[in-house]
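Each ligand, and each atom within it, is numbered from 1 in the order the structure gives. Atom set for the values below is all heavy atoms of this structure, side chains included, hydrogens, waters and symmetry mates excluded.
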Amino acid sequence: MKKSMSLILAVVCAFGLLVAGCGGEKKATEQPVLRVGMEPTFAPFEFQKEGSKEYDGFDMDLARAIGKQLNMKVEIVSMGFDGLIPALNAGSIDAIASGMTITPERSENVTFSEPYYKSGLTVMVREDEKEIQGIEDLKGKKIAVQIGTTGAMEAHKIEGATVVEFNANTEAALELKNGGVSAVVNDLPVVAYFLEQGGGKEYAKMVGHVVTSEEYGIAVKKGNDKLVGELNKALAELKKNGEYDKIYKTWFGEQVK
Ligand code: GLN
């Protein structure tokens, strides 16, 4: 039964192809889709404004601008940060734009675009914290991080520290607020935004110097040179035509890049 159905389908499709193109091939007017994966608790790069279903942020604006450049329809797919690379490899998304740092380990599994944002890690503690002045004071302490991030990797290197991993950055910050941990290790622009605009300054502060020097890249499936080439071309064009600067200013003001 199944066999004959698929045979019929194949015949219909073969005939259809002659007439109008059966599936697969898109009509000229239909835009191809670029499925972009991200984790949405990383403001101001990707997040949902309170009460909004829309995904907002620097990466989201950049992804949409790239889509426009490539004449592709951008579809944002939300998931856990540690699920992004597996999803890319499984083919359920085409690219990752999620404040993802280009690291040698990740580069073994995915192909990164040219860097699009300079970043680094920092330490956030409670407002009334006196003892912890920076990462060197975190030995033997309890630290909250987001699972699968460079912050988690760095925290695991600290002698005697207990690292508590959360799915969302918002949960890590809440754990700090509730006194469950002494510090959070996370990306500096995200901590800074949280303290300025995310309600963090009521109970938290940033301490010490920038811990690491990192760069974000858009990831595609390992070896997808065609897509990464297109992304790089679009990025270069957006930098040239001022669109990148415009998006940057929206989220970071006049700060130096
Ligand atoms: N830049 C960090 C990393 O790549 C954190 C990214 C994130 O939490 N979205 O691991």
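- Note on Glu131 versus Lys141: salt bridge recorded, some NZ/NE/NH1/NH2 to OD/OE distance being below 4.0 Å.
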Quiz: residues 46-57 side-chain donor-acceptor pairs under 3.5 angstrom, not counting sequence neighbours:
from  : atom 1 : to    : atom 2 : distance (Å)
Glu46 : OE2    : Gly99 : N      : 3.4
Gln48 : NE2    : Lys53 : O      : 3.2
Ser52 : OG     : Glu54 : N      : 3.0

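- The salt bridge (charged side-chain N to carboxylate O under 4.0 Å, His left out) contacts involving residues 79-99 comprise Arg35-Asp94, where partners must be two or more places apart or lie in separate chains.
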side-chain hydrogen bond (donor to acceptor under 3.5 Å, both in side chains) between Gln31 and Asn71, worked out: CA-CA 7 Å; Gln31 273 187 319; Asn71 197 21; 2.9 Å; yes
Pair Asn89-Asn109, side-chain hydrogen bond (donor to acceptor under 3.5 Å, both in side chains): steps then yes or no: CA-CA 8 Å; Asn89 287 328; Asn109 297 309; 5.5 Å; no
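- For a heavy-atom separation below 4.0 Å, the residues in contact with ligand 1 are Phe42, Phe81, Ser98, Gly99, Met100, Thr101, Arg106, Gln146, Thr149, Thr150, Asn169, Asp187, Tyr216.
- Residue pairs meeting the ring pair (Phe, Tyr, Trp, His ring centres under 6.0 Å) criterion with at least one partner in residues 216-238, sequence neighbours excluded, are Phe45-Tyr216, Tyr117-Tyr216.
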